[in-house]
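Worksheet: the structure to be examined is printed underneath.
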Amino acid sequence: MKLFDFSPGHGVTILAYESHGAYALQLGEGWGEGHIYCVRIEPGGAIGPHEAGFGQLFLAVAGSGWVSGGDGVPQALSVGQGAFVARGEVHAKGSDTGLTAIMVQLTDLAATPIARPV
């Protein structure tokens, strides 16, 4: 699993199309079947350990929670932070206070170099 930060202050200024005050941060790229979900985890809720059927980006957009990789050690996530989980990797997710996240899944997904291993 890899964690990354996509909160304000990260990214590259968008200059095309007469843009101003706009930034972009590539989070990953991939190929194959894809899905995008809004995942809500209630306070005290969790999605237990399981093997990822797809590579996935799990992006916190409201609240806070945690993700864990194969070692089972929870890593905190707050708004503007995310996790990359490789296809086949055992992982889990949860929240003590409630979390809303966007989850992007692709058959073959690679995290960009900004992600840091956990």
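Linking ILVMFWY side-chain heavy atoms closer than 4.5 Å, directly or via other members, places Val79 and Trp66 in two distinct hydrophobic clusters. Under the 4.5 Å side-chain heavy-atom criterion for Ile, Leu, Val, Met, Phe, Trp and Tyr, Ile14 and Phe6 are members of distinct hydrophobic clusters. Under the 4.5 Å side-chain heavy-atom criterion for Ile, Leu, Val, Met, Phe, Trp and Tyr, Phe54 and Phe58 are members of distinct hydrophobic clusters.
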Review item, side-chain donor-acceptor pairs of residues 87-102, under 3.5 Å, at least two apart:
| unit_1 | atom_1 | unit_2 | atom_2 | d |
| --- | --- | --- | --- | --- |
| Arg87 | NE | Thr107 | O | 2.9 |
| Arg87 | NH2 | Asp108 | OD1 | 2.6 |
| Glu89 | OE1 | Met1 | N | 3.3 |
| Glu89 | OE1 | Ala86 | N | 3.1 |
| Glu89 | OE2 | Met1 | N | 2.5 |
| His91 | ND1 | His50 | O | 3.2 |
| His91 | ND1 | Glu89 | O | 3.2 |
| His91 | NE2 | His50 | NE2 | 3.2 |
| His91 | NE2 | Lys93 | NZ | 2.9 |
| Lys93 | NZ | Gln56 | OE1 | 2.9 |
| Ser95 | OG | Ser64 | O | 2.6 |
| Ser95 | OG | Thr97 | N | 3.2 |
| Ser95 | OG | Gly98 | N | 2.6 |
| Ser95 | OG | Gly98 | O | 3.3 |
| Thr97 | OG1 | Ser64 | OG | 3.2 |

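Summarising the geometry, atom CD1 belonging to Ile36 is positioned 10.0 Å from atom CD belonging to Gln105; distances are rounded to the nearest 0.5 Å.
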Going through the distances and angles, do His20 and Glu18 end up as a side chain to side chain donor-acceptor pair (under 3.5 Å)?
CA-CA 7 Å; His20 58 340; Glu18 300 180 23; over 6 Å; no
Going through the checks in order, is the side-chain contact (heavy atoms from CB on, under 4.5 Å) test met by Val73 and Gln75?
CA-CA 6 Å; Val73 176; Gln75 301 289 327; 3.8 Å; yes
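Across all their heavy atoms, Ala83 and Val67 have their closest contact at CB-CG2, 3.8 Å.
Under the rule for a side chain to side chain contact (heavy atoms under 4.5 Å, CB included), the partners of Leu57 that lie at least two apart in sequence or sit in another chain are Phe4, Leu27, Leu59, Phe84, Val104, Leu109.
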